[in-house]
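Quantities reported herein were computed from a predicted structural model and do not represent experimental measurements. Quick note on labels: first sequence line is chain A, next is B, and so on, each numbered from 1. Values below: all heavy atoms of this structure, side chains included; hydrogens, waters and symmetry mates excluded.
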Amino acid sequence: MIKAIKGTKDIYYPEIEKWQFLEEIVIDVFSNFNYNEIRTPIFEETALFARGIGESTDIVGKEMYTFTDRSGNSVTLKPEGTASVVRALLEHSLQKAKPLNKFFYISPMFRQERPQAGRLRQFHQFGGEALGSNNPYLDAEMILIPYIVMQMLGLSDFKVKINSLGVPESREKYKTVLREYLSDKVKDLSEESRRRYETNILRIFDSKAENDILIMNEAPKILDYLSNEDIDHFEEVRNILDDAHIDYEIDEKLVRGLDYYTNTTFEIVSGSVGAQSALCGGGRYNLLARELGGVDIPAVGFAAGIERILLACKNEGLLEFDPYPLPLFIVLLDKSYDRIAYNLSLYFRGKGVETELDYLGRSVKAQMREANKNNAQFVLFVGGEEINESKVTLKNMADGEEAKYSFDSLEEIVNKIYSSDEE
RNA sequence: GUGGAUGUAGCUCAGUUGGUUAGAGUAUCUGGUUGUGGCCCAGAAGGUCAUGGGUUCAAAUCCCAUCAUCCACCCCA
């Protein structure tokens, strides 16, 4: 039997309801902040990600789904959303149409990693990008928006971590200092961290080895090497968050894995989802547009993992919905009236009443059981003696009360169903 | 890519030191009871015991290989 590819999942009942619930909240919150949805293609020219995310990153180096199409072009399934949004902005010169563009997306992403709790090969993110301004209010907004989404979901076991990486010049200066600090301690680091000492020294801060953590706790801090301008920007972001009553902690060890980040970086981590605890991450990327199109467009954004957020909801006992009530179920008492029953269903559906009926030719008893499983509020019986008087019987499933209606007073049934819904 | 764990009914799981026809709960279907439904009762259907090989009189059970899934490393959302 053909099965879904490793690290991919089919999403259907009952989980799909949670996805729809979450997506509705996401759209509401973004709309509330006046962000516009953008849908970019699911694959792009490989060079976009290689240049945008950075050749040396793990994502580009070993995780991308890259293949050659039939025309011989190298294309890649998108591993993240930001590069595509920036590409679209530049391609359509949207920075000229509007000085500030605020976009959001909800989209699948693809990375060929070993699957694990909270880590899939096709996973889904919602994210926001604000392009065209260096204003620290937008940095704060990128934290505020996912924070509000998580609050609306009812999550409580999470915290916000922020840091600033400054501009590349100060980061390079800091790396040099860090390299000096570690020069005589390299031998005590874990094997993994010794490798990073050569390749990407900042990532040693991510190490989970106990001894590495001890050594890095004593290391010089990046915030001491930022320019005055960057420090002011970071302080302003923090003040805005304080005034918005967002709890956060400064984590000077928070260095993110994508090359394009400058200044503010942040993460929202959950305490209830296992090893892959980052629910959301993002930061400012003032240099990415120049890298991709030669234009300076200061920008900031974030992305949040939908599977991880839903996992956190599950572990915190949230989103346990009761089955949706079904307003109307039509029960066929006599099979010869099936066309009448179906036409009635079309009438009620046309009136906006969600309606179901039996498609399997089952007994009245089985139909009633089915109505019950669907949590039907009303059942409409078609057939029996009353059909000879052109009437149908409506039963209220809550109290068992029944009433007959003639075919020319179906409107009354609709009203009855709607009025009971309001109670 | 590295390590560990696990694969038995649609789902969640039992299955003794190897021993007849592999079980339960739940879901599904049919019927009884009920004012035509919920609760209850009865019955039915549902399995290549992941796959392949080996040991044995005998394998779901022991051994080997393969595959898959899960968890952790790594990486990140």
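Taking atom CZ on A:R195 and atom C1' on B:C75, their separation rounds to 11 Å, with Å as the unit. Following rounding to the nearest Å, A:M368 (CE) and B:C29 (C1') show an atom-to-atom distance of 18 Å. Atoms CD (A:Q276) and P (B:C70) sit 13 Å apart, rounded to a whole Å. Distance A:D212 CG to B:C73 P: 14 Å, rounded to the nearest Å. Atom-to-atom, CD of A:E191 to P of B:U2 comes out at 14 Å; the value is rounded to the nearest Å. Between the C1' atom of B:A68 and the CZ atom of A:R121 lies a distance of 13 Å, rounded to the nearest Å. Atom CZ of A:F123 is separated from atom P of B:C75 by 16 Å (rounded to the nearest Å). At whole-Å resolution of the value, CD in A:Q116 and P in B:U2 are 16 Å apart.
When distances are taken from the side chain of A:R369 to each of B:G31, B:U28, B:C75, the shortest belongs to B:G31. Proximity note for A:A366 (side chain, C-beta onward) versus B:U30, B:C75, B:U28: the nearest is B:U30. Side-chain atoms of A:R362 lie closest to B:U30 of the nucleotides B:U30, B:C71, B:C74. If you check B:G32, B:C70, B:C71 against the side chain of A:P115, the one that comes closest is B:C70.
Nucleic acid contact class of A:G118 (heavy atoms, under 4.0 Å, all strands): base. No contact: A:A304 has no heavy atom under 4.0 Å from any strand. Using a 4.0 Å heavy-atom criterion, one finds that A:G282 contacts no nucleic acid atom at all. Backbone-only engagement by A:S363 is indicated by non-hydrogen atom pairs under 4.0 Å involving sugar-phosphate atoms exclusively. Residue A:L120 is classed as a base contact, given a heavy-atom separation below 4.0 Å to a base. Within the nucleic acid shown, A:A303 comes within 4.0 Å of sugar-phosphate atoms alone, with no base atom in reach, counting heavy atoms only. Within the 4.0 angstrom heavy-atom criterion, no nucleotide atom of any strand lies near A:E267. Across all strands shown, A:K373 has heavy atoms under 4.0 Å from sugar-phosphate atoms exclusively, and none from any base. Residue contacts shown for A:F302 are absent, as no nucleic acid heavy atom lies under 4.0 Å away.
Comparing A:L333 and A:V273 by the nucleotide of RNA chain B whose heavy atom lies nearest to each, the residue mapping closer to the 5' end is A:L333. Residues A:L360 and A:G274 each lie close to RNA chain B; by heavy-atom proximity, the contact nearer the 5' end of the strand is made by A:L360.
With no hydrogens or angles considered, no side-chain donor-acceptor pair links A:K253 and A:N163 at under 3.5 Å. A:D188 and A:N211 share no donor-acceptor pair across their side chains, judged by distance under 3.5 Å alone. For the 3.5 Å distance criterion, the side chains of A:T393 and A:E386 qualify, holding a donor opposite an acceptor. Judged purely by distance below 3.5 Å, without hydrogens or angles, the side chains of A:D212 and A:S207 pair a donor atom with an acceptor atom.
Remark: B:C74 base-pairs with no nucleotide in the shown strands. Criterion, Watson-Crick or G-U wobble with two distances under 3.5 Å. Across all strands shown, B:A24 is found opposite B:U12 as a Watson-Crick or G-U wobble partner, with both distances under 3.5 Å. Within the shown strands, B:A42 is the pairing partner of B:U30 under the Watson-Crick or G-U definition, both distances less than 3.5 Å. Of the nucleotides present, none pairs with B:A60 by Watson-Crick or G-U wobble criteria with both distances under 3.5 Å. Across every strand in view, B:A68 sits in a pair with B:U6 that passes the Watson-Crick or G-U test at under 3.5 angstrom.
Using a cut-off of 4.0 Å between Lys/Arg side-chain N and Asp/Glu carboxylate O, A:R111 and A:E80 are scored as not salt-bridged.
Evaluation of atom-type donor-acceptor distances gives no pair under 3.5 Å for the side chain of A:R119 against the base of B:C71. Evaluation of atom-type donor-acceptor distances gives a pair under 3.5 Å for the side chain of A:K365 against the base of B:U33.
Taking atom P in both B:G19 and B:U61, the straight-line distance is 10 Å, to the nearest Å. B:G23 and B:C49 have their P atoms separated by 14 Å, given to the nearest Å.
Among A:I268, A:V237, A:I143, A:L241, the one residue that satisfies the side chain to side chain contact (heavy atoms under 4.5 Å, CB included) test with A:Y248 is A:L241.
Between A:Y225 and A:Y174, a ring centre-to-centre spacing shorter than 6.0 Å is recorded.
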